[in-house]
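Worksheet: the structure to be examined is printed underneath.
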2 protein chains.
Amino acid sequence: MDESIEQQRELPLALRAAYMALHRGTEAAFAKQGVTADQFVLLLALRDGGTLTQRELADRISSDASTIRAMLVLLERGGLIQRASHPSDSRAKTVELTSAGKKKLRQLWKVGQKIRDDMYGAMSPREADVLIDLLRRVAGTLSKERKSDCVSC
Amino acid sequence: MDESIEQQRELPLALRAAYMALHRGTEAAFAKQGVTADQFVLLLALRDGGTLTQRELADRISSDASTIRAMLVLLERGGLIQRASHPSDSRAKTVELTSAGKKKLRQLWKVGQKIRDDMYGAMSPREADVLIDLLRRVAGTLSKERKSDCVSC
DNA sequence: TATTGTTATACTCTATAACTATA
DNA sequence: TATAGTTATAGAGTATAACAATA
């Protein structure tokens, strides 16, 4: 009981420390590849999602429309993605990986393997399941809260 | 076994999603207070650490010396922290919260209570303990790896 | 020689607001 | 009216390298 009060700040800081370690490690590993950790996540979303609009992309990695555009401009400049007009909605643009983008993604996946191994090596498979489940619940509550909590509405 | 292979990317992305939800929620909650989520973490480190040098601060929140300086300049401008020459090491500077900084920190703590409640509300106290433990193990392995993995050394 | 901090510089991500074009 | 995307703009965090002063 006292413990849970004392712990009131442990969880947020522990979550931040773990993510920061992951982020920095990934950033360092990808530096030579000319791709940032966040760009990697965007590329992953494209691999999973196939062809997406910018808005769908923004929703998937829960980011901003103009942030997404800034990232896409960089990735397009590097030849990793390409954009085209949407066939049925001419306001929208479709985004997809180029073949160079798919190749780069396979490289990045290899380069990042050590980090994933380290993470999973720190726990049993069962613990990994538990961790993933808890993280999803945290993400779920917090994003749900934000929507219903819109002060300015 | 197939599951753990399939999961190879679940953990990093789940960690990112949870942290992002926390970060965005905190950012939104603190916007009116004129303090960012990262600045809040720095202020927390100062509360726990008392008077620290910039280097100690950089180590605590595992950040860069020049990043720390940039943040401190902003916080000093806002009157939340103050810096002074270190008594025994005249290269170093000491950093501490001003009384305005302590007051602001108490406000921020209050404002952030809802987010902490949401996080802890998504799980039992026992699960929270497990989550914190697993997150620390993840952070531990990854930071350890980075040190021993210095390619350029 | 190594370390603390500063400076200059640059890049990425983030976000808001005003805007165009389309649904 | 609402939505997709662009543009301009700004701020914050990140990081590197060169530098001064001190240990």
Side-chain angles (χ1 to χ4, degrees), chain A residues 16 19-43 51-78 80-81 83-95 146 152, chain B residues 16 19-21 23-28 30-43 51-59 61-78 80-81 83-95 146 150 152:
Chain A
R16 181 180 191 271
Y19 170 73
M20 285 300 179
L22 169 63
H23 187 73
R24 281 172 215 281
T26 310
E27 206 75 69
F30 290 174
K32 291 176 186 167
Q33 311 288 325
V35 172
T36 68
D38 287 324
Q39 289 170 353
F40 174 63
V41 174
L42 198 158
L43 294 176
T51 302
L52 299 173
T53 66
Q54 297 188 187
R55 171 122 309 273
E56 287 165 340
L57 213 36
D59 292 340
R60 288 226 180 193
I61 65 178
S62 66
S63 192
D64 186 82
S66 71
T67 302
I68 292 292
R69 183 191 176 264
M71 295 177 74
L72 289 177
V73 167
L74 292 175
L75 290 170
E76 198 166 36
R77 196 177 296 163
L80 301 183
I81 61 114
R83 292 185 290 171
S85 328
H86 193 279
S88 61
D89 184 344
S90 55
R91 294 173 306 177
K93 287 190 176 174
T94 61
V95 186
R146 268 209 77 186
S152 56
Chain B
R16 183 180 190 272
Y19 171 74
M20 285 301 181
H23 188 72
R24 281 171 215 281
T26 310
E27 207 75 70
F30 289 175
K32 293 177 186 167
Q33 311 289 325
V35 172
T36 69
D38 287 324
Q39 289 170 354
F40 174 63
V41 174
L42 199 160
L43 293 176
T51 303
L52 299 173
T53 67
Q54 296 188 188
R55 171 123 308 274
E56 287 165 340
L57 213 37
D59 292 341
I61 64 179
S62 66
S63 191
D64 187 81
S66 72
T67 302
I68 292 293
R69 182 188 176 266
M71 296 178 71
L72 288 177
V73 167
L74 292 175
L75 289 171
E76 197 165 35
R77 196 178 295 162
L80 300 184
I81 62 112
R83 293 186 290 172
S85 329
H86 192 279
S88 61
D89 185 344
S90 54
R91 293 173 308 180
K93 286 190 177 175
T94 60
V95 186
R146 266 212 77 187
C150 185
S152 56

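Numbers restart at 1 for each chain; the letters A, B, ... are given by sequence-line order, proteins then strands.
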Within the structure shown, what part of the strands sits under 4.0 Å from [X] by heavy-atom distance: base, sugar-phosphate, or nothing?
| X | answer |
| --- | --- |
| A/Ala92 | sugar-phosphate |
| B/Ser88 | sugar-phosphate |
| A/Thr67 | base |

Tell me whether the side-chain N/O atoms of [X] come closer than 4.0 Å to OP1 or OP2 in [N].
| X | N | value |
| --- | --- | --- |
| B/Arg55 | C/dT4 | yes |
| B/Arg69 | C/dT4 | no |
| B/Ser63 | D/dG13 | no |
| A/Ser66 | D/dT6 | no |
| B/Arg83 | C/dG5 | no |
| B/Arg91 | D/dA20 | no |

Could you tell me how far apart [X] ([atom1]) and [N] ([atom2]) are, to the nearest whole angstrom?
| X | N | atom1 | atom2 | answer |
| --- | --- | --- | --- | --- |
| B/Tyr19 | C/dT14 | OH | C1' | 13 Å |
| A/Phe30 | D/dA15 | CZ | C1' | 18 Å |
| B/Lys93 | C/dT7 | NZ | P | 8 Å |
| A/Leu72 | D/dT7 | CG | P | 13 Å |
| B/His86 | C/dT3 | NE2 | P | 17 Å |
| B/Arg24 | C/dA15 | CZ | C1' | 10 Å |
| B/Asp64 | C/dA10 | CG | P | 17 Å |
| A/Asp59 | D/dT3 | CG | C1' | 12 Å |

Residue [X], side-chain heavy atoms: nucleotide from [options] that is nearest:
| X | options | value |
| --- | --- | --- |
| A/Asp89 | C/dT14, D/dG5, D/dA4 | D/dA4 |
| A/Ala70 | C/dG5, D/dA23, C/dT14 | C/dT14 |
| A/Leu74 | C/dA23, C/dC13, C/dA2 | C/dC13 |
| B/Met71 | D/dG5, D/dT22, D/dT14 | D/dT14 |

In Å and rounded to the nearest 0.5 Å, what is the [atom1] to [atom2] distance from [X] to [Y]?
| X | Y | atom1 | atom2 | value |
| --- | --- | --- | --- | --- |
| B/Leu57 | B/Leu72 | CG | CG | 6.0 Å |
| A/Ser66 | A/Gln54 | OG | CD | 10.5 Å |
| B/Arg83 | B/Leu52 | CZ | CG | 13.5 Å |

What's the verdict on side-chain contact (heavy atoms from CB on, under 4.5 Å) for B/Leu75 and B/Gln39, showing C-alpha distance, side-chain angles and the deciding distance? CA-CA 8 Å; B/Leu75 289 171; B/Gln39 289 170 354; 4.0 Å; yes
Does B/Glu27 reach the main-chain N or O of B/Ala37 with its side chain, forming a donor-acceptor pair under 3.5 Å? yes
Between A/Thr26 (side chain) and A/Leu22 (backbone), is there a donor-acceptor pair under 3.5 Å? yes
Hey, are B/Thr36 and B/Asp38 close enough side-chain-wise for a donor-acceptor pair under 3.5 Å? no
In residues 33-43 of chain B, which residues come under 4.0 Å of DNA chain C by heavy atom? none
DNA chain D: A/Glu56 or A/Glu27, which has the more 5' nearest nucleotide? A/Glu56
Check side-chain contact (heavy atoms from CB on, under 4.5 Å) between B/Ala58 and all other residues, then give those that pass, not counting sequence neighbours. B/Ile68
